[in-house]
Structures are given as C-alpha cells and as structure tokens.
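Written below as structure tokens is the structure these notes are about.
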Number of protein chains: 2
Amino acid sequence: MVTIADVAQAAGVSISTVSYVMSGKRAISQETRVRVEHAIDKLGFSPHAGARSLASRSTNVIGLQAPLRSGVDVHVVMQIVTGVVTQARKHGYDILLLASDDAKALERAARASMVDALLVMDVESDDPRIDTLTGLEHPSVLIGLPAGRRAIPCVDFDFEAAGWLAVDRLVALGHRRLALIGSPPEVMARHTSYADRLARGFLAACEASGVVGTVHPCPSSADAIDTVEAVVAGDPAITGFFVHNEGALPHVAARLVELGRTGAQPLSIVALCPDDVARSVPGLADSIAVPAEAIGAAATDMICEILAKAAKPTVRLLPPALTGNASTTRK
Amino acid sequence: MVTIADVAQAAGVSISTVSYVMSGKRAISQETRVRVEHAIDKLGFSPHAGARSLASRSTNVIGLQAPLRSGVDVHVVMQIVTGVVTQARKHGYDILLLASDDAKALERAARASMVDALLVMDVESDDPRIDTLTGLEHPSVLIGLPAGRRAIPCVDFDFEAAGWLAVDRLVALGHRRLALIGSPPEVMARHTSYADRLARGFLAACEASGVVGTVHPCPSSADAIDTVEAVVAGDPAITGFFVHNEGALPHVAARLVELGRTGAQPLSIVALCPDDVARSVPGLADSIAVPAEAIGAAATDMICEILAKAAKPTVRLLPPALTGNASTTRK
DNA sequence: TTGAAAGCGCTAACAA
DNA sequence: TTGTTAGCGCTTTCAA
C-alpha cells in the first residue's frame with residue numbers, strides 16, 4: 001500500500017506538505033506542488049479513508065436509508081437514489097446504503113462514525129426515526145414531508161401543488177367531474193404524507209374550481225382495472241382522470257382509453273409519474289413529472305450545504321410541471 | 001464521543017480487554033465480560049469505524065456497483081440490491097453504493113481502503129472493469145456471467161437453463177412453433193450476456209425438441225405491441241410465447257390474451273420475471289421467476305466467504321423454476 | 001513556505 | 001486471564 005510517507009519521500013518533502021498539497025489548506029510553492037503531485041500520480045496514491053476520518057473526524061460519506069421493501073414505487077426510488085449518488089459524488093461524498101428501515105441502523109452508522117450525515121427516505125409523520133435523528137449529532141435531511149414538528153430539514157416534490165395543477169388542466173379541458181386514481185389502499189390507509197397531500201391539493205382545487213372531485217385508492221396490479229370499472233359505474237359522468245399509481249398506470253390508462261373510444265364522451269387522463277414511465281404508456285400524452293432524480297439531487301445539495309455550514313435547515317418542495325399535451329380520447 | 005478508553009475506565013479494565021471482549025479473539029472471564037458489556041451498553045459505545053479500519057486493515061464494507069442508468073430492469077436491479085444489502089448485514093458488512101459504472105470508481109474505493117471487497121453488477125464480456133478488478137488486491141464477485149477468461153468469480157441466474165425450461169413447458173402444452181419475445185434491441189445488439197444465454201438455451205431446446213423457435217427483440221414500452229403484431233403476422237402458426245422483458249410484459253401479455261381470445265387457436269405464455277411482477281400481470285399464470293433477491297444474497301455470501309478465506313472463487317448459477325399453471329388462452 | 005510531532009481511536013503483538 | 005504499548009496513515013498545531 002502506498003502511504004503519504006512514500007509520497008513525501010519520493011517528492012523530497014515532509015508528510016505535512018503532502019497533506020497540505022492535497023487539502024489546499026495552506027500556501028504551497030508552485031515548484032513543491034508540482035513535485036508532490038507528480039509523486040502522487042506516479043505512485044498512484046490514494047489516502048486511506050479510515051486514517052483520514054480518524055484524523056479529520058469526518059468521513060466524506062453520507063448514509064442513505066432507502067425503502068427497499070416492496071409496495072413502493074420502484075422507479076421513483078431508483079431515480080431518487082441515482083440523484084443522490086450522482087450529486088453526492090459531485091460534492092466529494094460517497095453513499096453508504098442502509099437497508100433495514102429502522103432507527104437502529106441510523107444510530108449505528110452515526111455513532112460508529114461511518115457517515116457525516118444521514119439522508120432518510122420514506123418517512124411517515126409519526127416515524128420513530130425522526131426522534132432518533134433529532135437526538136443524533138449528525139445532520140440529516142428527510143426526503144419526504146412528514147406532518148408534525150418538522151425539526152429536520154425536508155426535501156420533497158410538491159404533491160399538493162401537483163393536485164392543483166392536474167385539476168386546473170382537466171378543468172381547462174372542459175371536464176366537470178374528476179377522479180383521482182391514487183395509491184394502493186395500504187398506502188392511503190397509513191396516511192402516507194404524499195398521498196394525503198396530493199388528495200388535499202386535488203380536492204381543494206376541485207372545490208375552488210367548482211367541480212366535483214373524488215379520490216379512489218387503487219391496487220398496483222392488474223386489479224387496478226376493477227377500480228376503474230367501479231369508479232365509472234359509480235358515476236358515469238366522470239370524464240377527467242388524474243392517475244397517481246405507477247403500477248396501475250398502464251392498466252388504468254389502457255382501460256380508460258378503451259372506455260373513451262367506446263363511451264359517450266371524451267375522457268382525459270393526467271398521470272403523475274416519472275417522465276420515462278409516462279412515455280412508455282400508450283394513449284397518455286398529458287402528465288405531471290415526478291422529478292425523482294432532482295429530488296435526490298436537491299436533498300443531497302441541502303445536506304452538503306448543511307455540512308459545509310453554508311445553509312440553514314429548511315423545507316424545500318420542488319414545484320410540479322405539466323408535460324405533453326392532453327390525451328383527450330375522443331369518441 | 002464515547003471511546004474505548006471511556007469504556008475501559010468505566011469497567012475498570014484495560015482497553016485491550018474491551019477490544020477483546022468485542023472481538024472475542026481471546027478468552028475473557030465471565031465476570032469481566034459482563035462488566036465490560038455493561039459499560040458498553042451504559043455508555044452507548046460504538047467503535048469508531050475509521051480507527052478500526054486503520055488498525056485492523058479491514059473496513060467491513062463491501063462496495064457495490066449497481067447500474068442506476070435506465071434501460072435496465074428496475075425491479076430486478078432493486079431486488080438484487082436488496083438481497084445484497086440484507087445479506088451483507090447478516091455477515092456484518094455494510095454496503096457502499098458506487099454509482100458511475102466506470103472502472104475508476106472501483107479503483108478509487110479499493111485504493112482508498114474504503115471497502116474490503118467489490119460486487120459488480122451488469123458486467124459485459126469485454127467490460128474494462130474486469131481488467132481493473134483483476135489488477136486490484138481486493139477480492140470481487142461479478143453479478144452476471146461475462147464470456148471470456150472468467151478470472152473473477154460470478155453469480156448469476158442460469159438463463160440458459162431457463163430457456164430450456166420454458167421450451168419444455170410450452171412443448172408439453174402442445175405448442176410446436178415458439179417465439180421468444182426478448183430484451184430491447186439495444187440490449188440484444190450489444191450481446192448482453194444474459195440475453196444471449198437465454199436465446200441460446202431457448203433455441204437449443206427448440207432444436208432438441210424438434211420444434212420451431214424464433215427470437216425477437218422487443219422495446220420495453222407500449223411499442224412492444226407492434227412486435228407482437230409483427231411476430232404473429234410473420235408466422236400465424238406460432239402459439240407458444242416466452243416473454244422476457246419486464247417493461248413490455250404487460251402490453252405483450254394483454255395483446256396475446258386478446259389474440260388468444262379472438263384467434264383460431266389457444267396460445268400459451270411463459271414469462272421470465274420476478275415473482276411479484278408476474279403476479280401483477282393479468283392472464284399470466286405461468287412464469288419462471290428471476291430470483292433476483294436470491295442472486296444478490298448468493299453473490300454476497302460468496303464474497304463474504306472469500307473474505308473469510310472459506311471459499312474458492314467459482315461460478316455459481318442459480319437454477320430456474322417454474323411457477324403457477326399454464327395460462328393457455330382458450331378460444 | 002516548509003517541517004516536526006502530537007494525537008485521532010482502535011487492534012494485536014508482546015509481556016506478565 | 002489480563003495489561004502495556006507500538007503502531008495503523010492521516011490531519012493539524014506549533015515552530016522555524
């Protein structure tokens with residue numbers, strides 16, 4: 001193994017000089033710098049991460065707790081993770097992936113000084129991890145927006161605004177009775193923050209626009225079709241659909257397109273999903289993108305800024321934007 | 001921060017005793033052990049990971065390079081990662097997630113002693129990362145099976161056997177002309193190992209069984225339907241379908257079910273995908289599960305055994321198994 | 001502009 | 001069965 005001492009010797013300087021060349025924390029003459037950098041390259045030196053963290057009391061690693069369990073939106077999770085890892089590298093950080101989504105894992109990583117900070121996904125309002133995080137000395141950022149005290153900075157998509165946006169769009173297309181085809185029943189039941197916020201925005205916007213809106217949980221499988229049938233049977237006048245359920249989307253969209261073709265009136269669908277998912281669904285031109293990768297990147301930026309003492313903890317919600325044109329299915 | 005010295009003092013022993021209590025590397029009297037463990041609990045001591053890795057020359061971290069780019073099978077990747085992380089914890093390891101899928105990232109992690117070993121996903125035959133890994137002092141395991149020298153241990157699903165199994169099943173159901181609806185054209189074109197192996201098994205099995213088999217690349221989107229149309233138009237006598245393309249599966253299955261209902265003859269579909277994906281697709285009871293989580297776990301076991309000097313590097317292929325009953329769509 | 005040296009918290013000889 | 005102590009490779013203060 002190549003150590004800093006080897007580099008120092010090869011360059012004919014002291015160990016501290018090598019260290020300072022790397023950190024840039026003190027002025028170095030042009031000549032020495034070149035000699036040291038040369039030696040580093042020639043020997044292929046990489047400072048030992050453990051030694052570094054021991055001496056500097058920081059690891060350049062961020063712990064990320066991602067929900068690997070099922071029931072979550074795989075694409076979205078993947079994209080957020082991608083955003084986190086990619087952005088972290090830009091700031092010089094690596095990502096330690098913590099699986100088991102319990103508070104213990106967070107504590108372990110923090111107390112063993114394996115990480116400088118923690119990024120936690122999929123947090124619910126009464127999540128015990130929030131207390132754990134609050135008690136830790138390490139800074140942390142939540143990806144999501146639990147209700148409540150809000151003692152920890154959060155980054156998320158503005159689901160509430162997305163609800164408004166979808167309604168505005170559907171109303172603009174002339175629809176007067178709208179349905180939100182949403183998350184699976186289990187997600188709705190545990191009042192997951194984003195599902196609640198989306199429904200709240202949707203319903204408030206309906207009321208503000210003077211149209212009728214209803215919210216329908218929907219399983220993420222082929223059974224989703226049953227939900228559509230039930231909604232349509234329950235109120236045949238519903239012509240505006242807002243679909244937020246990646247697993248169900250292809251089925252729901254297919255069924256709605258079919259209904260639109262055979263039915264008495266034109267239907268419109270607005271989907272809420274990552275861009276690439278929207279593109280893979282036929283008959284779906286109108287969608288609100290969940291900027292999953294951007295969320296991951298934004299959360300990472302925030303934690304890095306906090307680590308650099310450059311920012312105060314805040315809540316940050318990324319605004320929704322409409323993509324494509326209306327997919328009104330005409331008769 | 002609580003250090004080992006604090007624990008030693010609290011327990012009235014030397015720091016080496018505390019260290020040995022934790023590692024179990026030497027005999028400790030019952031009494032001392034209890035005192036030390038008590039102190040550890042009371043003080044909430046976790047040994048500093050950096051200090052530990054500096055002194056012991058091992059990190060208890062495994063680097064995992066996962067393909068976070070698109071074009072890959074998100075569910076499968078997620079499940080493999082889940083398997084890796086979960087199993088790693090059982091062996092006492094944590095996972096450092098390396099994103100950018102270049103050789104540099106692997107070298108960096110290894111040379112900076114951030115990891116004890118590397119797990120690399122989605123490796124292709126002429127992948128430059130293989131040379132890098134071979135040149136490293138750290139052990140590594142590939143998740144996948146690149147052709148060629150095979151200097152590094154591999155763990156993967158036995159796609160070739162899966163091809164045989166699917167054909168056997170379809171032939172047993174009475175089909176005589178079979179089609180493999182496979183990976184996207186770009187994946188096929190770069191001769192990705194698994195796609196090649198699957199096709200090889202499929203075609204060999206067809207020949208062995210004396211039936212006609214053809215292989216068709218297929219985009220992972222709604223355009224997949226066009227592929228189905230083209231295949232059926234090209235040879236209307238094809239009645240046995242083997243589908244391996246998660247993105248296209250719902251569309252292909254839906255179209256085939258429809259064709260089976262309206263067409264002249266019964267069709268059968270065998271899908272190759274994770275179990276839960278199979279369950280979410282309607283009209284699809286027959287599938288071969290890609291044991292993605294098990295692959296991740298197996299790869300982790302292998303690398304841990306290698307680290308423990310308990311196993312020699314080998315190639316390990318997990319066998320396929322058929323799930324459910326035939327979804328023969330009768331007229 | 002540079003060097004010497006004191007730790008950082010732990011493991012693992014070596015000693016008792 | 002336990003303690004003492006020499007590092008592990010780096011950062012950073014203190015001195016020059």
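We name chains A, B, ... by the order of the sequence lines, and we start the count at 1 in each one.
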> Tell me: CD of B/Q9 to C1' of D/dT4, nearest whole Å?
Replying inline: 16 Å
> Atom CZ of B/R57 and atom C1' of C/dT11: how far apart are they, to the nearest Å?
Replying inline: 11 Å
>> Between the opening five pairs and the closing five pairs of the helix from C/dT1-D/dA16 to C/dA16-D/dT1, how far apart are the helix axes, to 10°?
In response: 40°
>> On DNA chain C, compare the nucleotides closest to B/Y20 and B/L54; which residue's is nearer the 5' end?
In response: B/L54
>> Of the listed nucleotides (C/dA12, D/dG3, D/dT11), which one gets closest to any side-chain atom of B/S14?
In response: D/dG3
> When you measure from the side chain of B/D131 to the backbone N and O of B/P128, does any donor-acceptor pair fall under 3.5 Å?
Replying inline: no
> Distance from A/D6 atom CG to A/T3 atom OG1, nearest 0.5 Å?
Replying inline: 3.5 Å
> Under 30°, 30 to 60°, or over 60°: which ring-plane class applies to A/H75 and B/H75, parallel, tilted or perpendicular?
Replying inline: perpendicular
>> Using a 3.5 Å distance criterion without hydrogens, assess whether the side chain of B/R35 forms a donor-acceptor pair with backbone atoms of B/A11.
In response: yes
> With sugar-phosphate meaning primed atoms plus P, OP1 and OP2, does A/S16 contact a base, only sugar-phosphate, or nothing at under 4.0 Å between heavy atoms?
Replying inline: base
>> Just the rounded figure in Å: distance from P of C/dA4 to CD1 of A/I4.
In response: 14 Å
>> Which heavy atom of B/A99 sits nearest to which heavy atom of B/Q65, and what is that distance?
In response: O-CG, 4.2 Å
>> Expressed as a whole number of angstroms, how long is the span from A/M1:CE to D/dC10:C1'?
In response: 10 Å
> Atom NE2 of A/H48 to atom P of C/dG9: distance rounded to whole Å?
Replying inline: 17 Å
> Taking N and O atoms by type only, does the side chain of A/R26 place a donor or acceptor under 3.5 Å from a partner on the base of C/dT2?
Replying inline: yes
>> Please classify the nucleic acid contact of A/S19 as base, sugar-phosphate, or nothing, using heavy-atom distances under 4.0 Å.
In response: base
>> So A/I15, base contact, sugar-phosphate only, or nothing? Heavy-atom distance under 4.0 Å.
In response: base
> Looking at D/dT11, C/dT2, D/dG9, which one has an atom nearest to any side-chain atom of A/A51?
Replying inline: D/dG9
>> Donor-acceptor pair, distance only, cut-off 3.5 Å: does the side chain of A/D94 make one with the backbone of A/V61?
In response: no
> Can you check the A/R33 CZ to C/dT1 P distance for me, whole Å?
Replying inline: 10 Å
>> Test salt bridge (Lys or Arg N to Asp or Glu O under 4.0 Å) on A/D102 and A/K104; report intermediate values, then the result.
In response: CA-CA 5 Å; A/D102 61 352; A/K104 287 276 163 256; over 6 Å; no
> Taking CG from B/L43 and P from C/dG9, how many angstroms apart are they, rounded to a whole number?
Replying inline: 14 Å
>> When you measure from the side-chain N and O atoms of A/S56 to the phosphate of D/dC10, is any distance below 4.0 Å, counting only OP1 and OP2?
In response: no
>> Measuring from the side chain of B/R52 (C-beta onward, heavy atoms only), which nucleotide among C/dC10, C/dT1, D/dG3 has the closest atom?
In response: C/dC10
> Are any of A/S23's side-chain N or O atoms less than 4.0 Å away from OP1 or OP2 of D/dT12?
Replying inline: no
> Is there a donor-acceptor contact under 3.5 Å from the side chain of B/R150 to the main chain of B/P146?
Replying inline: yes
>> Rounded to whole Å, please give me the gap between CE in A/M114 and P in C/dG9.
In response: 17 Å
>> Just N and O in the side chain of A/K25: are any of them under 4.0 Å from OP1 or OP2 of D/dT12?
In response: yes
>> What's the closest nucleotide to the side chain of B/A55 if the choices are D/dG9, C/dG9, C/dT2?
In response: C/dG9
